[in-house]
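Have a look at the structure below before the remarks.
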Amino acid sequence: MGIILFQYLLYSIACAYTFSLFLGKRKKMFFLVVSGILLTLFLGFRDIESGGIDLLRYDAHYETLSHARSFVSAYEVREGENLFFFLLMFVSSSLSLSFQQFLFIVGAFSITASLLLYYRYSNYPIICISLF
């Protein structure tokens, strides 16, 4: 099932690029916005059980953080994540968001940051998106 969704993502990005060629001046921005939405949906709504060992470990750690009573007790169970990632994980679990919603937020942050760089500095956005 995962490979079918991945192929759907690639075909959708290729269609967005083809359509963007007819837009003139705004073609780069249109392509990056549509690609960003598609990539965020693909990364944010992935299946946790088939995501691999790291994703399962983060899910278990997220569950542990959701039971922490304070930041100090949460920091004691920190497993070496990046501090910003850990803070985002702690705030999301404190707000009673599910792990899937947390993945969606992290995916949106990382993709938005990458696409802003591509928009500003890349002359070939299709290559950048393909490599991303």
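- At least one side-chain heavy atom of K28 sits under 4.5 Å from a side-chain heavy atom of L32.
- Taking both residues in full, the closest heavy atoms of T40 and I111 are given as N-CD1, 3.4 Å, listed atom of the first, atom of the second, then distance.
- Put simply, the side chain of F31 does not reach to within 4.5 Å of the side chain of L21, judged on heavy atoms.
- With I129 as the partner, the side-chain contact (heavy atoms from CB on, under 4.5 Å) test is satisfied by one option alone out of S122, S35, S114: S35.
- Both M29 and I127 are assigned to one and the same hydrophobic cluster, defined by single-linkage of ILVMFWY side chains at heavy-atom distances under 4.5 Å.
- Here the straight-line distance linking atom CD of E63 with atom OG of S98 works out to 11.0 Å at 0.5 Å rounding.
- The backbone N or O of F90 sits less than 3.5 Å from a side-chain atom of S93, completing a donor-acceptor pair.
- Here the side chain of Y118 pairs no donor or acceptor atom with the backbone of N123 at under 3.5 angstrom.
- If you chain together hydrophobic residues whose side chains sit under 4.5 Å apart, Y119 and L117 never meet in one group.
- The CG atom of L115 sits 15.0 Å away from the CZ atom of R120 when rounded to the nearest 0.5 Å.
- Contact detail for F30 and S20: the closest heavy-atom pair is CD2-CB, 3.7 Å.
- Between the side chain of K27 and the main chain of F22, no donor-acceptor pair closer than 3.5 Å is present.
- For the pair F104 and L41, the minimum side-chain heavy-atom distance is below 4.5 Å.
- Note on L88: it clusters hydrophobically with L95, by side-chain heavy-atom contacts below 4.5 Å among ILVMFWY residues.
- When the shell of 6.0 Å around OH of Y17 is examined, it contains 12 or fewer heavy atoms from other residues, nucleotides or ligands.
- Cluster membership for I13 and Y8, using ILVMFWY side-chain heavy atoms within less than 4.5 angstrom, is not shared.
- Residues I105 and L116 do not share a hydrophobic cluster, clusters being chains of Ile/Leu/Val/Met/Phe/Trp/Tyr side chains in contact below 4.5 Å.
- With hydrogens and angles disregarded, a donor-acceptor distance shorter than 3.5 Å links the side chain of S110 to the backbone of G107.
- Looking at heavy atoms from C-beta onward, L97 lies out of side-chain contact with F102 at the 4.5 angstrom threshold.
- Atoms CG and SG, from L10 and C15 in turn, are 11.0 Å apart once rounded to the nearest 0.5 Å.
- We find the CD-OH distance between Q101 and Y62 to be 7.5 Å, quoted to the nearest 0.5 Å.
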